[in-house]
**Q** 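Before I ask anything, let me first share the structure, which is written out below as structure tokens.
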Amino acid sequence: MMGFWTGVLTLLCCTLSVMMLIAFRWLLRRRRRRLALIVIAANLAVPAIVIILHGKDVQYAGGLAIIAAIALMAELILCLLVYIAALLRFLWRRMLREPFDGGRRRVLKGAVCYPVAALALGSYGSLYERNHQVLHEISVPVADGRLYGYRIAQLSDVHIGMFFSLGMLKSLLEKAAAEKPDVLVITGDLFDDEEMNERAAKIVDSFSERFKDGIYFIRGNHEHYRNMNATERYIKSTHIHELVNGAREVRPGLWFVGVEYPMDRPHFGKLEHEFARQAFSHVPDGALSVLLAHHPDFIDDGRQYGARLVLTGHTHGGQFGVLGVPVVPHVFKYMRGIYDFGETMGYVHTGNGSWCPMRIGCPPEIAVFRFTARK
């Protein structure tokens, strides 16, 4: 996995280098091109730094990676601002039928605000929004009067490790417990660092008594990447309830159903349906069920088996959005937030951690679902 993400980072840095070279050509005078070369050299050094530091000092590497993320995001934003300004200038000239006079830099000449704005937005996304856990409360109408007022808190995609410390995990759990929900569910990708996973399990376990009906956990893909067998032992030594293609009655009439993450990519769809079939086979007819799954494709399986609520994660909500709408390509059928199909409500959690230490317009969240009376 490290090799894959290093390759992605290298490609990103190379792409940004080309974009920056073009942007500097428009933004700066020829005699200052050396600044562009310095930036390009720094970009290409980022993957090398990550490779050298990864596995030696996670927190130190994480700190440098955050600085690099701020710089790279600022560069990307700067490029976009310059390109937009150049495009607007071009369109303005065409509209007014102005002859080209070689003064294309005039619109950019005093553009010191561009790099300042880019750096400010990059810093905001990495230093503030990425760490600012917001609370979202969602009402879920149900028919069973015994469950009115029941509250479920959801965490997902914590990614304990380089960008999410054990101290941050404890703080997150404190915030979730402070809302006094009846139960806490964690929908995968919590354990993402082999050296920290055991301590992370103990921290989660220490909060078990803070939730009346305990803590429920289902695996994500990153648990499999980080020695799932060892993590399984850590979980079994705690009070955490792990659901693997099974179900458990939490309250009379309320069942939690948990599915495994299908790791066999060529047969993902087939395994997805089989895991859902296995898990729902334990649920009695007529029971109100809540499906816990890491991948949002399971929302369709929840609809098929009549789940009232399907809680998922995995997508991080795209990590970048505008007015609640992801700006990244929708590579997933369900990307972020509520998908209400009447009898079944699906939810895609934005995640609490990050594999990229940057969030803009898509803050991490604590989602709380409250059962209410049907109207």
**Q** Using the test ring pair (Phe, Tyr, Trp, His ring centres under 6.0 Å), find all partners of His273 that sit at least two apart in sequence or belong to another chain.
**A**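 In terms of ring pair (Phe, Tyr, Trp, His ring centres under 6.0 Å), with neighbours along the sequence ignored, His273 is linked to no residue.
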**Q** Please tell me whether Leu243 and Val283 are part of a single hydrophobic cluster in this structure, the criterion being side-chain heavy atoms less than 4.5 Å apart.
**A**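 The answer is no; the residues belong to distinct hydrophobic clusters.
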**Q** Side chains of Phe163 and Met168: does their closest heavy-atom pair fall under 4.5 Å?
**A**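 They are not in side-chain contact.
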**Q** Less than 4.5 Å apart, any side-chain heavy atom of His295 and any of Asn221?
**A**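 A side-chain contact under 4.5 Å is absent here.
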**Q** Just by modelled atom types, is the Thr187 backbone N or O under 3.5 Å from a matching donor or acceptor in the Ser156 side chain?
**A**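 It does hold such a pair.
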**Q** When you measure from the side chain of Asp192 to the backbone N and O of Ile160, does any donor-acceptor pair fall under 3.5 Å?
**A**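 No, the answer is negative, given that no donor and acceptor are paired below the 3.5 Å cut-off.
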**Q** Does a side-chain heavy-atom distance below 4.5 Å link His316 with Arg359?
**A**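 When only atoms from C-beta onward are counted, Arg359 and His316 do touch, with a gap below 4.5 Å.
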**Q** With no hydrogens and no angle check, is any side-chain donor or acceptor of Thr312 less than 3.5 Å from a backbone partner on Ala293?
**A**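 No.
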**Q** Are Val134 and Val322 connected in the hydrophobic side-chain network, where two residues link if heavy atoms are under 4.5 Å apart?
**A**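 No, because Val134 and Val322 fall into different hydrophobic clusters, even though each may have its own neighbours under 4.5 Å.
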**Q** Taking the side chain from Glu223 and the backbone from Leu190, do they hold a donor-acceptor pair closer than 3.5 Å?
**A**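 The answer is yes, because a donor-acceptor pair under 3.5 Å joins these two groups.
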**Q** Given side chains that start at C-beta, do those of His314 and Phe298 come closer than 4.5 Å, heavy atoms only?
**A**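 No; the side chains remain at least 4.5 Å from each other.
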**Q** Would you say Leu173 and Leu155 make side-chain contact, with heavy atoms under 4.5 Å?
**A**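 Yes, side chains in contact.
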**Q** Taking Gly346's backbone N and O only, do any of them form a donor-acceptor pair with Asp340's side chain (distance below 3.5 Å, no angle check)?
**A**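 A pair under 3.5 Å: no.
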**Q** Is the backbone of Arg151 close enough, under 3.5 Å, to the side chain of Asp182 for a donor and an acceptor to pair up by distance?
**A**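 Indeed, once roles are kept as given, a pair shorter than 3.5 Å links the two residues.
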**Q** Any side-chain heavy atom of Glu232 within less than 4.5 Å of one from Arg219?
**A**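 Of all side-chain heavy-atom pairs linking Arg219 with Glu232, at least one is under 4.5 Å.
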**Q** Once you round to the nearest 0.5 Å, how far does NE2 of His222 lie from CZ of Arg226?
**A**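 Output value for this atom pair is 7.0 Å.
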**Q** Output yes when Arg374 and Glu343 qualify as a salt bridge under the 4.0 Å nitrogen-oxygen rule, no when they do not.
**A**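 Judged by the 4.0 Å cut-off on N to carboxylate O distance, Arg374 and Glu343 do form a salt bridge.
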**Q** Are any non-hydrogen side-chain atoms of Pro181 and Arg370 less than 4.5 angstrom apart?
**A**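 Answer no - side chains too far apart.
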**Q** Where is the tightest heavy-atom contact between Val310 and Ala307, given as atom of each residue plus distance?
**A**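 Result for this residue pair: CG2-CB, 4.2 Å.
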**Q** Is the CZ atom of Phe341 crowded by more than 12 outside heavy atoms at less than 6.0 Å?
**A**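 Buried by this count: over 12 neighbours within 6.0 Å.
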**Q** Could you check whether any side-chain N or O of Glu249 sits under 3.5 Å from a backbone N or O of Trp255, counting only pairs where one atom can act as donor and the other as acceptor?
**A**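 Pair absent, no side-chain N/O of Glu249 close to backbone of Trp255.
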**Q** Identify the two heavy atoms, one from Pro252 and one from Leu147, that lie closest to each other, and give their separation to 0.1 Å.
**A**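 Looking at all heavy atoms of both residues, the shortest contact is O-CD2, 4.3 Å.
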**Q** Check whether Glu129 reaches the backbone of Gly361 with its side chain - one donor and one acceptor, N or O, closer than 3.5 Å.
**A**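 Yes; at least one donor-acceptor contact below 3.5 Å.
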**Q** Can you see which heavy atom on Ile240 is nearest to which on Ala201, and at what distance?
**A**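 Closest approach of Ile240 to Ala201, heavy atoms only: CD1-O, 4.0 Å.
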**Q** Over 60° means perpendicular and under 30° means parallel, so tell me whether Tyr347 and His349 are parallel, tilted or perpendicular.
**A**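 It falls in the perpendicular class, over 60°.
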**Q** Could you grab the distance from atom CG of Asp193 to atom CZ of Arg199, nearest 0.5 Å is fine?
**A**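 The CZ atom of Arg199 is 8.0 Å from CG of Asp193, to the nearest 0.5 Å.
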**Q** Do the rings of Phe217 and Phe191 sit parallel, tilted or perpendicular, given the 30° and 60° boundaries?
**A**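 If you compare the ring of Phe217 with that of Phe191, the planes turn out perpendicular.
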**Q** Using the test ring pair (Phe, Tyr, Trp, His ring centres under 6.0 Å), find all partners of Phe320 that sit at least two apart in sequence or belong to another chain.
**A**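 If we apply the ring pair (Phe, Tyr, Trp, His ring centres under 6.0 Å) test to Phe320, skipping adjacent residues, there are no hits.
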**Q** In Å, rounded to the nearest 0.5 Å, how long is the span from CZ of Arg308 to CG of Leu288?
**A**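 The CG atom of Leu288 is 7.5 Å from CZ of Arg308, to the nearest 0.5 Å.
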**Q** Between Tyr261 and Phe268, is the ring centroid distance below 6.0 Å?
**A**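 Yes: the rings meet the under 6.0 Å criterion.
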**Q** Do you know the tightest heavy-atom contact between Met335 and Thr315?
**A**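 Minimum heavy-atom contact is O-OG1, 2.6 Å.
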**Q** Any heavy-atom pair between the side chains of Asp144 and Phe371 that's under 4.5 Å?
**A**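 Answer no - side chains too far apart.
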**Q** Would a single hydrophobic cluster contain both Val183 and Leu291, if residues Ile, Leu, Val, Met, Phe, Trp and Tyr are joined by side-chain heavy-atom contacts under 4.5 Å?
**A**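 No; tracing contacts between hydrophobic side chains, which count when under 4.5 Å, never links both residues.
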**Q** Closer than 3.5 angstrom, by distance alone: can the side chain of Asn245 be matched with the main-chain N or O of Glu260 as a donor-acceptor pair?
**A**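 Pair found, side chain donor or acceptor close to backbone of Glu260.
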**Q** Please evaluate residues Ile138 and Ile338 with respect to the criterion side chain to side chain contact (heavy atoms under 4.5 Å, CB included), reporting the C-alpha separation (whole Å), side-chain torsions for both, the decisive distance (0.1 Å), and the verdict.
**A** CA-CA 9 Å; Ile138 302 100; Ile338 298 173; 3.8 Å; yes
**Q** Rounded to the nearest 0.5 Å, what separation is found between the CG atom of Asp189 and the CD1 atom of Ile218?
**A**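 Taking CG in Asp189 and CD1 in Ile218, the distance rounds to 8.5 Å.
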**Q** Give the cluster check for Leu271 versus Val257: same hydrophobic cluster or not, with ILVMFWY residues linked at side-chain heavy-atom distances below 4.5 Å.
**A**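 Cluster IDs for Leu271 and Val257 match.
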**Q** Check the pair Arg251, Lys212 against side chain to side chain contact (heavy atoms under 4.5 Å, CB included), reporting the backbone distance first and the verdict last.
**A** CA-CA 11 Å; Arg251 287 278 179 97; Lys212 294 178 183 177; 4.1 Å; yes
**Q** Are Leu311 and Tyr216 connected, step by step, through hydrophobic side chains (Ile, Leu, Val, Met, Phe, Trp, Tyr) whose heavy atoms are closer than 4.5 Å?
**A**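 Leu311 and Tyr216: one cluster.
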**Q** What are the two closest non-hydrogen atoms of Ser208 and His239, and how far apart are they?
**A**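 The pair with the smallest heavy-atom distance is OG-CB, 3.8 Å.
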**Q** Under 3.5 Å, is there a donor-acceptor pair between the side chain of Glu365 and the main chain of Thr350?
**A**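 Checking the backbone N and O of Thr350 against the side chain of Glu365, a donor-acceptor pair under 3.5 Å is found.
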**Q** Heavy atoms only: give me the nearest Gly258-Ala279 pair and the separation to one decimal.
**A**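 Result for this residue pair: O-CB, 3.8 Å.
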**Q** Write out all pairs satisfying side chain to side chain donor-acceptor pair (under 3.5 Å) with one or both partners inside residues 168-178, taking only residues at least two apart or from two chains.
**A**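 Checked against side chain to side chain donor-acceptor pair (under 3.5 Å) - neighbours excluded - the pairs reaching residues 168-178 are Glu174-Arg210.
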